[in-house]
There are 2 protein chains.
Amino acid sequence: MRGIYLVTNRGLCRGRLLLDVVAEAVKGGVACVQLREKETPTRAFVEEALAVKNILAPHRIPLMINDRIDVALACGADGVHIGQEDMPYETARRLLGPKAIIGLSVETWEDVEAAQKLEVDYIGVSPVFATPTKTDTKEPWGLEGLRKVKAFSRHPLTAIGGISEANAREVTEAGADCLAVVSAICSAENPAGATARLKHVFDEALRRRDRRVSRDISF
Amino acid sequence: MRGIYLVTNRGLCRGRLLLDVVAEAVKGGVACVQLREKETPTRAFVEEALAVKNILAPHRIPLMINDRIDVALACGADGVHIGQEDMPYETARRLLGPKAIIGLSVETWEDVEAAQKLEVDYIGVSPVFATPTKTDTKEPWGLEGLRKVKAFSRHPLTAIGGISEANAREVTEAGADCLAVVSAICSAENPAGATARLKHVFDEALRRRDRRVSRDISF
């Protein structure tokens, strides 16, 4: 999985329906959508997840659920994204089965090392930059930290935290396989256009990175 | 399942460890314990649930988890208690299997009627009296409401909301098969003694109720 990874936040949708923002992101070419709801009652969360799944499934875009394995099981999501305070990876894998996509946030170098032993599908390098969206995070990794994680980790990297069109190129060059964004799409004037522009920058930067890697290998 | 049903609230434990209060309630003869955590991160909730299970399992006292089916699955709880805003009953049953104990809160007469079609293991008549512990509840049922539900419903009744030693007898006489309490045990000076006294009042009232029923039948 490579590309633009939307993490939802209904509070940042500027009064628009979350479902409409997701549909716009799909038009713009989003690669993955993660539903993140910390206040919504379980029943409403499941209903919303089913509605988002209906939008994504025809395009084979994976639906990820943040933290709540019960909601993921209830709606038949493709996977879950777990943080260090959420369900331990092994428990999540046992409950969801071998086919589920499981992503894990890494906020410290110890987290990166510990993830090396886990069969996670990606690690979420969080936060790359300081972000007002999530206030309970550790020190930002920065581009240097992201490069260091890329060089060490055997897992694909999803970069999150403060990513926008302005820094998408350098974040991708530093090693991100997915660019996770919240407000850069949710709060955009035109979420479809914002997604498409992020995707364009990402695709270009990734092409250059892949060329560089193949050149390094050919030497 | 009949008897005293402890619903936990760590904020009401007067600075004592929740685990210690649960252990005291076990000494006092509690019949069932429900863990209710609305703010605790998933990982800590699972760890707490496993610790409570270790206390209850040797006594074959069921462990119930409020709302969170993922936590129930992760710790191997005996069941879940769901409210009207939590996972729909059918989904909960599908995820937990036929052996799980599933209790459902009923706050209106419509809820009671709807529950009649569901294979729930009990309904939680909530709140019987006004209670400061839970502020998002509907109008209290009162003893009259409880009697009406008892006469109509095919399910065992767990009464909750404002139950204490002072009203335990009349609540049991009105039809409760379990008395669910939060502060009456969590905030008690002596949780073991409080549980034992509630159980004594309940057992006495239930014996009188059973005698009355068998007398009614023999006529």
Side-chain angles (χ1 to χ4, degrees), chain A residues 35-51 53 64-77 79-97 100 102-107 110-111 114-115 118 120 126 134-138, chain B residues 35-51 53 64-77 79-97 100 102-107 110-111 114-115 118 120 126 134-138:
Chain A
L35 276 186
R36 187 170 186 278
E37 295 284 352
K38 289 297 183 189
E39 307 296 331
T40 308
T42 304
R43 180 167 304 202
F45 193 174
V46 171
E47 283 166 8
E48 180 185 76
L50 286 167
K53 195 186 166 193
M64 303 288 287
I65 303 293
N66 183 287
D67 178 17
R68 295 291 299 267
I69 287 162
D70 49 351
V71 174
L73 289 168
C75 75
V80 295
H81 182 89
I82 50 179
Q84 297 290 330
E85 293 208 306
D86 298 338
M87 199 78 80
Y89 165 78
E90 293 82 358
T91 314
R93 178 62 72 194
R94 173 167 63 82
L95 297 179
L96 291 165
I102 302 183
L104 174 69
S105 289
V106 292
E107 299 187 343
E110 290 67 41
D111 294 346
L118 309 176
V120 295
S126 165
K134 206 163 177 281
T135 49
D136 60 343
T137 52
K138 300 252 163 77
Chain B
L35 274 188
R36 186 168 186 278
E37 295 285 349
K38 290 295 182 190
E39 307 298 331
T40 308
T42 303
R43 180 166 306 201
F45 193 174
V46 171
E47 282 166 10
E48 180 183 79
L50 286 168
K53 195 187 166 193
M64 303 288 287
I65 303 292
N66 185 285
D67 179 16
R68 296 291 298 268
I69 287 163
D70 49 352
V71 174
L73 289 169
C75 75
V80 295
H81 182 87
I82 50 180
Q84 297 289 330
E85 293 208 306
D86 299 337
M87 200 76 82
Y89 165 77
E90 292 83 357
T91 314
R93 178 61 74 195
R94 173 167 63 81
L95 297 180
L96 290 166
I102 301 183
L104 175 69
S105 290
V106 293
E107 299 188 342
E110 290 68 40
D111 295 345
L118 309 176
V120 294
S126 166
K134 206 162 177 285
T135 50
D136 60 341
T137 52
K138 302 255 164 76

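Chain letters run A, B, ... following the sequence lines, proteins first and then strands; every chain starts at 1. Note that the coordinates shown come from a computational prediction; the quantities given were computed from them, not determined experimentally.
- Between chain A and the options Lys38(B), Gln84(B), Glu47(B), the largest number of non-hydrogen pairs under 4.5 Å is found for Gln84(B).
- Judged as a side-chain hydrogen bond (donor to acceptor under 3.5 Å, both in side chains), and not counting sequence neighbours, the contacts of Arg93(B) are Tyr89(B), Asp121(B).
- Counting non-hydrogen atoms of other residues, nucleotides and ligands closer than 6.0 Å to CD of Glu90(B) gives a total above 12.
- Asp70(A) approaches Leu95(B) most closely through the heavy-atom pair O-CD1, 3.9 Å.
- Between Arg43(B) atom CZ and Ile82(A) atom CD1 the span is 7.0 Å, to the nearest 0.5 Å.
- Taking each heavy atom of Leu73(B) and Arg94(A) in turn, the nearest pair found is O-NH1, 4.0 Å.
- The parts of Arg68(A) that come within reach of chain B are both its backbone and its side chain, each placing non-hydrogen atoms under 4.5 angstrom from that chain.
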Intermediate values then yes/no, side chain to side chain contact (heavy atoms under 4.5 Å, CB included), Thr42(A) and Met87(B): CA-CA 6 Å; Thr42(A) 304; Met87(B) 200 76 82; 4.0 Å; yes
